[in-house]
Amino acid sequence: MIRWCLVSVLVLCLVLFRPVPLGAQVPRPADSVAREHAPPPLDSALAARGRELADQYGCRACHTYKASEPKAMGPSLNGIFQRRDSAYLDQKLAEPQFDNAKSLMPKLPLTASERRAIVEFLKTLN
């Protein structure tokens with residue numbers, strides 16, 4: 001009797017919780033796909049403060065803000081949110097060499113709220 005119950009539970013689990021074959025795409029709800037590609041919400045006052053800080057610290061000396069500007073020493077910040085997320089950018093501002101020990105980006109004396117403002121400004125560059 002116990003063996004029959006265990007076999008029944010095992011069969012039921014296999015039917016309900018079928019493993020997904022390797023390489024198969026698992027369908028996602030439509031709202032999660034839309035959220036993934038939606039631009040992040042923007043706080044315009046914070047973004048304006050971020051632009052002031054970026055100008056104050058001379059970010060444009062090494063980075064371009066628009067695709068139409070000539071190439072600079074550092075990577076272009078135009079469309080940065082298509083390549084990176086807020087957490088990465090915040091960490092890059094806090095510790096510029098965290099992902100590349102040879103990075104020439106200087107470590108700036110930014111507070112967490114100043115980094116947040118600059119990241120918000122970067123959202124406007126597309």
Side-chain angles (χ1 to χ4, degrees):
M1 179 72 177
I2 293 176
R3 186 181 297 166
W4 183 84
C5 289
L6 289 174
V7 169
S8 298
V9 169
L10 180 62
V11 169
L12 183 62
C13 286
L14 287 173
V15 169
L16 293 177
F17 304 107
R18 284 179 293 194
V20 177
L22 290 176
Q25 290 191 358
V26 178
R28 297 185 311 187
D31 63 333
S32 70
V33 174
R35 249 191 333 259
E36 186 177 301
H37 296 291
L42 184 65
D43 179 336
S44 57
L46 191 59
R49 174 70 180 128
R51 184 175 189 109
E52 290 172 6
L53 288 164
D55 291 343
Q56 175 185 335
Y57 284 105
C59 296
R60 268 208 147 135
C62 299
H63 298 280
T64 59
Y65 292 169
K66 298 179 182 175
S68 60
E69 295 175 340
K71 176 111 172 81
M73 178 174 35
S76 173
L77 300 176
N78 180 55
I80 191 72
F81 272 87
Q82 295 169 357
R83 303 184 304 272
R84 303 292 186 187
D85 63 11
S86 296
Y88 173 89
L89 295 171
D90 182 67
Q91 187 171 2
K92 187 68 173 175
L93 289 168
E95 308 167 47
Q97 286 77 26
F98 89 95
D99 64 336
N100 177 1
K102 295 181 181 181
S103 174
L104 299 177
M105 184 171 163
K107 183 170 181 162
L108 302 172
L110 297 169
T111 65
S113 63
E114 289 173 330
R115 290 194 315 268
R116 169 85 173 92
I118 292 173
V119 169
E120 195 70 12
F121 161 61
L122 294 175
K123 289 178 185 179
T124 69
L125 303 178
N126 43 342

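The salt bridge (charged side-chain N to carboxylate O under 4.0 Å, His left out) contacts involving residues 86-97 comprise Asp90-Arg115, Lys92-Asp99, where partners must be two or more places apart or lie in separate chains. Among residue pairs with one or both ends in residues 100-114, none qualify as salt bridge (charged side-chain N to carboxylate O under 4.0 Å, His left out); sequence neighbours excluded. The salt bridge (charged side-chain N to carboxylate O under 4.0 Å, His left out) analysis of residues 77-89, with sequence neighbours excluded, yields no pairs. Applying the ring-ring contact (aromatic ring centres under 6.0 Å, His included) definition to pairs two or more places apart or across chains, none involves residues 41-61.
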Donor-acceptor pairs are to be reported for all side-chain atoms of residues 43-50 against protein atoms at under 3.5 Å, with residues two or more places apart or in another chain.
from, atom 1, to, atom 2, distance (Å)
Asp43, OD1, Ala45, N, 3.2
Asp43, OD1, Leu46, N, 3.1

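Here the CD atom belonging to Gln97 is positioned 8.5 Å from the CG atom belonging to Leu104, to the nearest 0.5 angstrom. How far CG of Leu110 is from CG of Leu53: 7.0 Å, rounded to the nearest 0.5 Å. Interatomic distance, CG of Leu77 versus CG of Leu122, reported as 5.5 Å (0.5 Å rounding).
For the side-chain contact (heavy atoms from CB on, under 4.5 Å) test, residues two or more places apart in sequence or in another chain that qualify with Asn78 are Ala67, Ser76. Here Arg60 pairs with Arg51, Tyr65, Glu69 under the side-chain contact (heavy atoms from CB on, under 4.5 Å) rule; sequence neighbours left out. With sequence neighbours excluded, the residues that form a side-chain hydrogen bond (donor to acceptor under 3.5 Å, both in side chains) with Ser113 are Thr111. Checked against ring-ring contact (aromatic ring centres under 6.0 Å, His included), Tyr88 has the following partners two or more places apart in sequence or in another chain: Phe98.
Closest non-hydrogen pair, Pro96 versus Pro106, comes out as CG-O, 3.3 Å.
At least one side-chain heavy atom of Leu42 sits less than 4.5 Å from a side-chain heavy atom of Thr124.
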